[in-house]
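Atom set for the values below is all heavy atoms of this structure, side chains included, hydrogens, waters and symmetry mates excluded. Position 1 is the first residue of the sequence, and the numbers go up from there.
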Amino acid sequence: MTYERRTSHDHETPSVGRGLRRGAAFCAAALAAVLALTSCGSSPAEDGGGPGPAKAGAEGLKKPSRILWMGDSIAVGQAQPLAAALKSTGIELTSIAADGGGAAVGPVAMSSGDVASRLASVRPELVAYQITTYDWGSPQEQQQAYEKLIGTVKAAGARLVIVTTPPFDTGDDFYAPHKADIESAPGAAKAAVAAHPGDAYFLDASALWGTDFKAPQAQRSNDRTHSCQQGTAKFAQWFTTEVGKLAGFSPADPKSWANGDWTRSDVFAQLNCA
């Protein structure tokens with residue numbers, strides 16, 4: 001049974017350069033969006049965030065060489081520019097984000113065995129889990145699931161970053177029955193992280209998106225849930241900057257990746273991005 005009814009772009013690794021050619025408009029818009037974001041923030045390091053000696057970040061982490069990215073279809077789209085941004089920073093991203101799945105808790109939760117298997121295959125130093133739109137359950141069930149995920153990641157020799165879901169429309173017929181679950185998930189994740197200091201970290205993406213899916217800042221696509229190229233590019237720059245603060249690296253200049261083939265991925269075509 002599938003619980004995803006909005007798109008059908010199930011990929012385990014970012015899909016880029018799949019033959020779609022929508023012109024330079026997307027590339028320019030994606031780059032402009034990211035440059036607008038970075039103009040208000042700190043500048044990249046002189047080395048551009050590229051490969052170099054690892055140094056400890058604010059939280060004692062070191063720059064990873066491999067990151068495993070987890071989440072649902074929102075994360076599938078975000079993996080496109082995120083892979084490009086991290087590659088430019090000297091980090092390999094493997095995405096196991098999936099349509100209608102990828103959750104840590106709820107009806108489409110991944111089993112610990114499946115997660116452990118992916119960890120053994122990828123061997124990441126850092127795992128990033130974006131809370132999904134399907135993380136349904138009581139706050140206690142959610143926290144227990146997040147703590148279980150922290151334990152699974154720790155057993156594989158990695159650390160976990162949990163990032164909140166972008167704001168999306170929870171008032172439709174599909175999500176409305178689970179609105180309370182969706183709203184309690186970030187607090188449960190934050191509590192789980194607090195119970196495991198040094199093993200997990202919490203990033204609140206409302207600093208980027210705000211909390212209103214209808215606001216221009218949220219940059220949702222027409223389906224009120226996902227993002228097109230411009231929004232995902234802004235997320236990639238924000239996320240790599242925040243993880244860089246934890247792990248002691250600066251993100252690459254957006255000019256090195258924001259105009260890449262990822263902008264023409266069929267993931268965005270299926271969202272009718274134009």
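- Looking at residues two or more places apart in sequence or on another chain, you find a side chain to side chain contact (heavy atoms under 4.5 Å, CB included) between A145 and V105.
- Contact between Y129 and A104 at its shortest, heavy atoms only, is OH-N, 2.8 Å.
- Aromatic ring pairs are classed by plane angle as parallel below 30°, tilted from 30° to 60° and perpendicular above 60°; the pair W69 and F235 is tilted.
- We find the CH2-CG distance between W262 and L82 to be 10.5 Å, quoted to the nearest 0.5 Å.
- Nearest approach of Q219 to S227, heavy atoms of both residues: O-OG, 3.0 Å.
- K245 places no side-chain N or O within 3.5 Å of a backbone atom of S250 that could act as its donor or acceptor partner.
- From R123, atom CZ reaches atom CG of L68 across 12.5 Å, with rounding to the nearest 0.5 Å.
- Under the salt bridge (charged side-chain N to carboxylate O under 4.0 Å, His left out) criterion, the residue pairs touching residues 181-208 are K154-D199, K179-E183, with sequence neighbours excluded.
- For the atom pair OG1 of T170 and OH of Y175, the computed distance is 10.0 Å after rounding to the nearest 0.5 Å.
- A 4.5 Å side-chain heavy-atom check between V115 and L149 finds at least one atom pair inside the cut-off.
- No donor-acceptor pair closer than 3.5 Å links the side chain of Q237 to the backbone N or O of A233.
- Side chain of S73 to main chain of V76: no donor-acceptor pair is present (N/O by atom type, distance under 3.5 Å, no hydrogens or angles).
- Qualifying side chain to side chain contact (heavy atoms under 4.5 Å, CB included) partners for A189, counting only residues two or more places apart in sequence or in other chains: I131, Y146, I162, F202.
- Under the 4.5 Å side-chain criterion, counting only non-hydrogen atoms from C-beta, Q144 is in contact with Q140.
- With hydrogens and angles ignored, the 3.5 Å screen pairs no side-chain donor or acceptor of R118 with any backbone N or O of A116.
- Here L160 contributes atom CG and I150 contributes atom CD1; the two are 6.0 Å apart, rounded to the nearest 0.5 Å.
- Counting heavy atoms from C-beta outward, F268 and T263 have side chains that stay 4.5 Å or more apart.
- To the nearest 0.5 Å, atom OG1 of residue T94 and atom CE of residue M70 are 12.5 Å apart.
- For P64, the side chain to side chain contact (heavy atoms under 4.5 Å, CB included) partners two or more places apart in sequence, or in a different chain, are I67, I91, E125, L126, A247, F249.
- Contact detail for T241 and P251: the closest heavy-atom pair is OG1-CG, 3.4 Å.
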Let me see the working for W209 and F168 under ring-ring contact (aromatic ring centres under 6.0 Å, His included), right down to the final yes or no.
-> CA-CA 10 Å; W209 304 119; F168 64 97; over 10 Å; no
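- Side-chain atoms of L86 and E92, non-hydrogen and from C-beta on, never get closer than 4.5 Å to each other.
- No side-chain donor-acceptor contact under 3.5 Å links Q270 to the backbone of V267.
- Listed by chain and number, the residues in a side chain to side chain donor-acceptor pair (under 3.5 Å) with T132 are D135 (sequence neighbours excluded).
- Checking Q142 against S184 by side-chain atom types alone, a donor-acceptor pair falls below 3.5 Å.
- A donor-acceptor contact shorter than 3.5 Å is absent between the side chain of R159 and the backbone of V127.
- For T211, the side chain to side chain contact (heavy atoms under 4.5 Å, CB included) partners are S206, not counting sequence neighbours.
- Taking all atoms of both residues into account, the shortest heavy-atom contact from A236 to W257 is CB-CH2, 3.9 Å.
- Residues S265 and Q229 form no side-chain contact, since every pair of their non-hydrogen atoms from C-beta on lies 4.5 Å or further apart.
- Proximity of a side-chain donor or acceptor of S117 to a complementary backbone N or O of G113 within less than 3.5 Å is not detected.
- Here the closest non-hydrogen pair linking A205 and T164 is N-OG1, 2.8 Å.
- Every residue meeting the side chain to side chain donor-acceptor pair (under 3.5 Å) condition with S256, not counting sequence neighbours, appears here in chain and number order: S88.
- For H196, there are no ring-ring contact (aromatic ring centres under 6.0 Å, His included) partners at least two apart in sequence or on another chain.
- Between F239 and L203, the closest side-chain pair of non-hydrogen atoms falls below 4.5 Å.
- One finds the OG1 atom of T232 at 12.0 Å from the CD1 atom of I74 (value rounded to the nearest 0.5 Å).
- Scanning both residues, M110 and I96, for their nearest heavy atoms gives CE-CD1, 3.9 Å.
- Looking at residues two or more places apart in sequence or on another chain, you find a side chain to side chain donor-acceptor pair (under 3.5 Å) between K214 and D212.
- Contacts of S221 classified as side chain to side chain donor-acceptor pair (under 3.5 Å), with partners at least two apart in sequence or in another chain: D223.
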